Amino acid sequence: MKYDFTAIEQKWHKIWDEKQLYKAETGGDKKKFYALIEFPYPSGAGLHVGHARPYTAMDVIARKHRMQGENVLFPMGYDAFGLPTENYAIKNHIHPAIVTKNNIETFRGQLQALGYSFDWDREINTTDPKYFKWTQWIFLQLYKNGLAYKTKMPVNWCTSCKCVLANEEVVEGVCERCGSPVIRKEQSQWMLRITKYAQRLLDDLDEVDFIDRVKLQQRNWIGRSTGAEVRFETTAGDTVTVFTTRPDTLFGATYMVLSPEHALMEKWMDKLENAAEVKAYQAAAAAKSDMERTELSKEKTGVKLAGVMGINPVNGKKIPIFISDYVLATYGTGAIMAVPAHDERDWDFAKKFGCEIIEVVKGGNVQEAPFTDCATGVMVNSDFLDGMSVEEAKKAIIAYLTEKGIGEAKVNFKLRDWVFSRQRYWGEPIPIVHCPKCGTVPLDEKELPLLLPQVDSYEPTDDGQSPLAKMTDWVNTTCPCCGGPAKRETDTMPQWAGSSWYYLRYMDPHNDDALASKEALEYWSPVDWYNGGMEHTTLHLLYSRFWHKFLYDIGVVPTKEPYAKRTSHGMILGEGGIKMSKSRGNVINPTDVIAEYGADTMRTYIIFIGDFEKAASWATNAVKGCKRFLDKVWNLAETVTDHETAYSAKNEAILHKTIKKVSSDIDTLKGNTALAALMTLCNELTDNGCNAAELKTLLQLLSPFAPHICDEIWELHGFEGICSVSSWPTYDEAKCKDSEIDMAVQVNGKLRGTIHVAADLDNDSVVAAATADEKVSAFLARLGGSIVKTIVVKNKLVNLIVK
RNA sequence: GCCGGUGUGAUGGAAUUGGUAGACGUAGUGGACUCAAAAUCCACCGGUAGCGAUACCGUGCCGGUUCGAGCCCGGCCACCGGCACCA
């Protein structure tokens, strides 16, 4: 019989579905295992091979855990709010909800064709009102707890999307999504106070099993730095507070710099002798886009304030004050003390503007270059700090500042609050009402979900208002508080909202009374293993950790962290290592691969392609290799006619070894080497002959990777049950060893021969066998000298040292 | 600039974490089967020299530690990713 993959795969999809083979039950005695992958955005282009890599890898893990007798939750859904759908809807005059529905159907079909063992009863969709009811509910809780607030602030504005972006969505000064320039714009925005959780988001990374590069990237993004805030008096009578990580260098502070947007500038404007020049500089800085600001970063610019001086609090010296855009309004206090002798930026600025450079840490020539080494320097020119190390001086100065009331220790974070509003249609409406009498009023929870209005046009306005603002019927409402006329908030939530808690909904997706029942949350939390892309590390992953911690604080979820373990996959590139893109025409569609080679081949190849964590390029030729392998398994099965229940002596060792290898490789995401071991096993069984017991084990080990063909062969041979849910084979460590082995023989560290000996042979016998070997003894004779030392590595090699 | 990562045959990649470098798969070469092709099967497949046994060289480059280094240490080079005036 021929291996007819299309018929086999369709047959088993039906059986799996009918028998509800992959259904997860909340509760019970079995150990639970919650495997999660990032749900896709259902774009019009359909599923991409890039999706297939992490999805297949996690399906393999889920299937193995299921075979090990665990209660596995492996769910799937769609993160369906977002701009591409909205833009498509605008262009083609179709409602985004219809576009979304169609796209989801395509995605579901493709995912099912790949044979993933999802529990389809738990499928979710973030645009479903039953789902976003709870997204809005969480927002209301954030609001009630003071973590959501509206403020006028300079925001990142994408000129093409006509929409506000979060800091995390701006990449190198351009919009992450469309690549258009991002400018600064003053606008009133909803914000989430993620900064309140900065320390906990940082600390709790120690408690989770995330791969190092994810932890590192989150740590850098949170960007904790310790130092001090110091208050400088000025001749204008106002106090300027600065943040510094080097309070030890305070005696070397020879000028100050304020950001152009600093609040005091307005107040001081009348007193300044060069007000016109200062205003011109502020205007120029404001007009710069983020891109221009970074591009111009090398050459420092600024203006010295004429008429106001700062006073160094430790020595009373009058020092000049500048404004410059190298000082950021949004970090620290928006003002710095400048110590040109020991800071590169300050040094550059001081050289250009002729400021004084005073050495306070000995170790370099500060007139030539800034000296920034904290480890070796000794304090000088610093009064009571002289002679101390940098570390000692930091402690001493902070104690001094605190005592005198002019400063104190301070921790700062790079992490900014999360800009949470978007001026677009296709997102969750923010459940807030603005009342002229009562101000900002949250919607009553009973009013949820607050649905989007049906509109004719979803186009954003040029003045930065949401398309919803035009829908007066919807906007005009009554105040939940006083009953008077009021207006609805017209901004919607960003795409990150729905994905910040979706893993909780999977635990109990049909619940209308809560985002999930207490029982389900207790049973399934936390996610045991979450795999996703590195690009979500500082966005989705951080945002959802924040929401989870908040939900923990208000008693909704039982764990501090949402995900116990996080891994990440490399990208799939096109043939030849180039990025896959529509414009290059090198996009591989999984559906085409399935049609030509079958889902099992597709799955096997995407795992075999290489190191899971690294980028890998698609090679259609190598796909054929995986098809050949499955053909070989099919052909091997056809040779098996017995009903043997024990392994043959000849194949016993390799079977035990392969079970061991495949088991541990799946657990460590090394599917590529697991498959290599299975190929080797298949080749051996083909050469040695294969009985029913041996075939059974091969099928079970291969089943997580290629479930359809294994279930089919399993059934054809009349094995009991269904292979996909049979029990994972076990191995005996003692039987993993061969009785006779090859050992390497080295002379002075170089390979000179191999010997075939009994395993676990004692050292003396090994040396005897080595010296007796024909090649080795001939070499030793030629070399002359005598053996002065022997090193034996058990069952591996023997090294003879000859002098 | 700072922080991480990577560098192995023609090619994707292995290497039990200091112990026979190149598993497994592609591609290639030769052969079998075939009228022929596809498919399949067998053999070879890092480089140089040699009919050969074999010898020497070989994991980005230079040096070190070790009986022994792809793996550890020091110094370079190249590429990839993240951050980027964060005081």
Side-chain angles (χ1 to χ4, degrees), chain A residues 171-173 212-214 216-221 223-225 227 242-246 249 257 259 293-294 296-300 324-328 330-339 342-346 348-349 412-416 534-535 537-538 570-571 576-577 604-605 608-611 613-626 628-629 631-632 635 657 660-661 664 670 672-683 686 742-754 775 778-779 788-802:
Chain A
V171 177
E172 287 172 7
D212 288 342
R213 53 195 178 123
V214 168
L216 198 82
Q217 217 167 294
Q218 288 209 346
R219 285 197 182 107
N220 289 342
W221 187 261
R224 183 182 198 268
S225 58
V242 303
F243 173 70
T244 177
T245 55
R246 295 291 306 275
T249 62
V257 189
S259 72
R293 259 178 114 128
T294 39
L296 295 169
S297 67
K298 278 146 212 154
E299 184 70 9
K300 299 262 182 302
S324 170
D325 64 2
Y326 89 89
V327 173
L328 307 173
T330 51
Y331 184 76
T333 61
I336 61 158
M337 64 177 211
V339 185
H342 306 291
D343 182 278
E344 259 179 63
R345 296 152 303 179
D346 296 347
D348 289 346
F349 190 87
N412 253 319
F413 296 92
K414 285 188 203 171
L415 187 69
R416 301 270 72 91
M534 279 308 287
E535 70 276 18
T537 303
T538 53
M571 249 207 305
T604 306
Y605 174 64
F608 192 61
I609 196 165
D611 186 338
E613 292 211 357
K614 290 194 202 131
S617 18
W618 187 269
T620 298
N621 264 327
V623 179
K624 289 181 197 160
C626 291
R628 272 181 212 150
F629 165 56
D631 282 336
K632 275 185 199 169
N635 293 336
K657 270 194 279 190
K660 185 180 177 183
K661 172 106 183 117
S664 71
K670 289 183 178 169
N672 53 336
T673 50
L675 280 166
L678 286 168
M679 289 172 181
T680 306
L681 176 65
C682 176
N683 292 341
T686 304
D742 288 320
M743 282 181 75
V745 182
Q746 295 182 340
V747 179
N748 293 339
K750 281 200 149 190
L751 184 71
R752 296 297 168 186
T754 54
K775 270 197 212 167
F779 185 82
V788 294
K789 193 180 174 187
T790 60
I791 294 151
V792 178
V793 183
K794 201 173 176 186
N795 294 338
K796 288 264 162 64
L797 64 69
V798 50
N799 192 3
L800 310 172
I801 312 305
V802 177

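Note that these values count all heavy atoms, side chains included, but never hydrogens, waters or copies made by symmetry. Note that the coordinates shown come from a computational prediction; the quantities given were computed from them, not determined experimentally. Quick note on labels: first sequence line is chain A, next is B, and so on, each numbered from 1.
Each of A:Thr330 and A:Ile801 has a nearest nucleotide on RNA chain B; the 5'-most of these lies closest to A:Ile801. Nearest-nucleotide mapping onto RNA chain B: of A:Lys750 and A:Tyr605, the residue sitting toward the 5' end is A:Tyr605.
Comparing the same atom, P, in B:C56 and in B:A37 gives a spacing of 45 Å after rounding to whole Å. To the nearest whole angstrom, the two C1' atoms, one in B:U8 and one in B:C71, are 12 Å apart. On the C1' atoms, B:C45 is 11 Å away from B:A10, given to the nearest whole Å. When the P atom is used for both B:C24 and B:C44, the distance is 12 Å, rounded to whole Å. For the C1' atom pair drawn from B:C85 and B:G5, the interatomic distance equals 26 Å after rounding to whole Å. The separation of B:G64 from B:A53, taken at their P atoms, amounts to 34 Å, rounded to a whole angstrom. Of the P atoms belonging to B:U29 and B:C77, the separation is 42 Å, rounded to the nearest Å. Taking the P atoms as reference points, B:C73 lies 28 Å from B:A23, given to the whole Å.
Residue A:Asp348 contributes atom CG, which lies 10 Å from atom C1' of B:C85 at whole-angstrom precision. Here the C1' atom of nucleotide B:G82 and the CE atom of A:Met571 are 14 Å apart, to the nearest Å. For A:Gln217 and B:G82, the CD to C1' distance is 5 Å, given to the nearest whole Å. Put simply, CD on A:Glu613 is 12 Å from C1' on B:U6, counting in whole angstrom units. We find that CG of A:Asp346 is positioned 20 Å from P of B:G1, with the value rounded to whole Å. If you measure from atom NZ of A:Lys614 to atom C1' of B:A14, you get 11 Å, rounded to the nearest angstrom. When the C1' atom of B:G5 is taken as reference, atom CG of A:Asp212 falls 12 Å away, rounded to whole Å. Taking atom NZ of A:Lys414 as the reference point, atom C1' of B:C85 lies 11 Å away to the nearest angstrom.
The OG1 atom of A:Thr538 sits 15.0 Å away from the CZ atom of A:Arg219 when rounded to the nearest 0.5 Å. Distance check: A:Thr249 OG1 to A:Met337 CE gives 4.0 Å after rounding to the nearest 0.5 Å. The distance from the CD atom of A:Gln217 to the CE atom of A:Met534 is 4.0 Å, given to the nearest 0.5 Å. Distance CG/A:Leu675 to CD1/A:Ile609: 12.5 Å, rounded to 0.5 Å. How far OG1 of A:Thr604 is from CG of A:Asn672: 12.5 Å, rounded to the nearest 0.5 Å.
A glycosidic torsion no more than 90° from 0 defines the syn conformation; B:U8 lies beyond that range and is anti. Its glycosidic angle being within 90° of 0, B:G9 falls on the syn side.
In terms of phosphate contacts, A:Arg752 brings no side-chain nitrogen or oxygen within less than 4.0 Å of OP1 or OP2 of B:U54. Regarding contacts with the backbone of B:U16, every side-chain N or O of A:Lys661 stays at 4.0 angstrom or more from both OP1 and OP2. Using a 4.0 Å cut-off, no side-chain N or O of A:Tyr326 falls inside it from OP1 or OP2 of B:A87.
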Below 3.5 Å between N/O atoms, which protein atoms pair up with nucleotides 23-27 of chain B? Just atom names and distances, please.
| from | atom 1 | to | atom 2 | distance (Å) |
| --- | --- | --- | --- | --- |
| B:G25 | OP1 | A:Asn683 | ND2 | 3.3 |
| B:U26 | OP1 | A:Arg628 | NH1 | 2.7 |

Can you check nucleotides 17-21 of chain B for protein contacts, nitrogen or oxygen pairs under 3.5 Å, and list what you find?
| from | atom 1 | to | atom 2 | distance (Å) |
| --- | --- | --- | --- | --- |
| B:G19 | N2 | A:Gln746 | OE1 | 3.4 |
| B:U20 | O4 | A:Asp742 | O | 3.1 |

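Atom CD of A:Glu535 sits in a crowded spot, with more than 12 heavy atoms from other residues, nucleotides or ligands closer than 6.0 Å.
In secondary-structure terms, RNA chain B builds stems of at least 3 consecutive Watson-Crick or G-U pairs, each pair having both distances under 3.5 Å, at B:1-7 with B:77-83, B:10-12 with B:24-26, B:28-32 with B:40-44, B:46-49 with B:54-57, B:60-64 with B:72-76.
Formation of a donor-acceptor pair under 3.5 Å by the A:Arg416 side chain with backbone atoms of A:Thr330 is found in this model. Formation of a donor-acceptor pair under 3.5 Å by the A:Gln218 side chain with backbone atoms of A:Thr537 is found in this model.
A:Val792 pairs with exactly one of A:Asn799, A:Val798, A:Leu800 by the side-chain contact (heavy atoms from CB on, under 4.5 Å) rule, that one being A:Val798.
The residue A:Ala615 sits close only to the backbone: its heavy atoms come under 4.0 Å of sugar-phosphate atoms, none of a base. Note on A:Ser225: only backbone sugar-phosphate atoms sit closer than 4.0 angstrom, heavy atoms only; bases stay farther off. Counting any heavy atom pair closer than 4.0 Å across all strands shown, A:Ile336 reaches a base atom.
By the 30° and 60° cut-offs, the orientation of the rings of A:Tyr605 relative to A:Trp618 is perpendicular.
Using a 4.5 Å cut-off on side-chain heavy atoms (C-beta onward), A:Lys632 and A:Met679 make no contact. At a threshold of 4.5 Å between non-hydrogen side-chain atoms, the residues A:Phe608 and A:Leu678 do not count as touching.
Between the side chains of A:Tyr331 and A:Ser225, at least one donor-acceptor pair of N or O atoms lies under 3.5 Å.
Donor-acceptor pairing under 3.5 Å, judged by distance alone, is present between the side chain of A:Lys300 and the base of B:C85.
Cation-pi geometry between A:Lys300 and A:Phe349 is not met at under 6.0 angstrom from the ring centre and within 45 degrees of the axis.
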